[in-house]
Amino acid sequence: MNYWLMKSEPGELSVDDLAELPGRRVGWFGVRNYQARNFMRDQMRCGDLAFFYHSSCAVPGVAGVVKIVREAYPDPTQFDPQSPYFDPKAQGSSPRWFQVDVELVKKTRLVPLSELRAQGALASMRIFQRGNRLSITPVQPEEWNNVVRLAESAPRADV
DNA sequence: GCCAACGTTGGC
DNA sequence: GCCAACGTTGGC
């Protein structure tokens, strides 16, 4: 079983949006980076857990926990000319982009990026590595446990 | 809006 | 296969 961090822009899909969806599930469409795609396609398995991370917003940070409930299958938006994620090079016979389905396990308090950064034990996380921009990154079990503990603790006012 | 970092594209 | 140009990401 693996742990992950998956970024979503709350303007597109927030943790509250996910909580309102049928079954609290969504297909993780729109990933257009090969490395992130490969993580989904080759390594994500049903039962894996991931942090739902809010990015490109006023307070980026961990907002919830989701579970992988369906393994990789073709992302339909790549074939939809109306979609901003349309990829004219994708062929139905050999899809280029994949998605998994995730289900909300629970919302957490919003753990801001600044608070994660203030934890020395989390310095190893991929989101803190130089120039990291991947929307999906693996999380080590120890990192996972540390962030979960942080999410369950009282918010800090000083970061 | 800025900008650093890095991925992708395409001519050669 | 190289590499310059361009596009995107994402925190600030």
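The sequence lines fix the lettering, A, B, ..., with proteins before strands; numbering per chain opens at 1.
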| query | Does A/Phe98 have its ring centroid less than 6.0 Å away from the ring centroid of A/Trp28? | reply | no
| said: Would A/Arg37 pass as a cation-pi partner of A/Phe39, given that its NZ or CZ must be under 6.0 Å from the six-membered ring centre and within 45 degrees of the axis? | reply: no
| query | For A/Tyr34 and C/dT8, what is the distance between atoms OH and P respectively, to the nearest whole Å? | reply | 14 Å
| Taking atom P of B/dT8 as reference, at what distance in whole Å does atom CZ of A/Arg32 sit? | 13 Å
| To the nearest angstrom, how far is A/Asn33 atom CG from C/dG7 atom P? | 18 Å
| Salt bridge present between A/Asp87 and A/Arg96 (N-O < 4.0 angstrom) | yes
| query | Hey, does the side chain of A/Asp75 reach the backbone of A/Gly30 with a donor-acceptor pair shorter than 3.5 angstrom? | reply | yes
| query | Is A/Arg109 paired with A/Glu115 through a side-chain N to carboxylate O contact shorter than 4.0 Å? | reply | yes
| query | Does A/Gln129 CD have over 12 foreign heavy atoms under 6.0 Å away? | reply | yes
| task | Give the rounded distance in Å between these two atoms: OH of A/Tyr85 and C1' of C/dG7. | result | 15 Å
| request: Mark yes or no for whether A/Ser8, through its side chain, and A/Leu13, through its backbone, hold a donor-acceptor pair below 3.5 Å. | output: yes
| Under-4.0 Å side-chain N/O to phosphate OP1/OP2 contact, A/Tyr53 with C/dT9 | no
| Protein-nucleotide distance (A/Glu9, atom CD; C/dG11, atom C1'), rounded to Å | 12 Å
| query | Can you tell me how far P of C/dG11 sits from CZ of A/Phe128, to the nearest Å? | reply | 10 Å
| task | Starting at atom CD of A/Gln35, determine the distance to atom P of C/dT8, rounded to an integer number of angstrom. | result | 19 Å
| Among residues 131-140 of chain A, which contact DNA chain C at a heavy-atom distance under 4.0 Å? | A/Arg133, A/Leu134
| task | Verify the contact: side-chain N or O of A/Arg130 to OP1 or OP2 of B/dC6, cut-off strictly under 4.0 Å; return yes or no. | result | yes
| request: Using atom CG of A/Leu116 as one end and atom C1' of C/dG11 as the other, report the distance to the nearest whole Å. | output: 14 Å
| request: Could you check which of C/dC12, C/dG10, B/dT9 has an atom nearest any side-chain atom of A/Lys89? | output: B/dT9
| query | OP1, OP2 of C/dT9 versus side-chain N and O of A/Lys7: anything below 4.0 Å? | reply | no
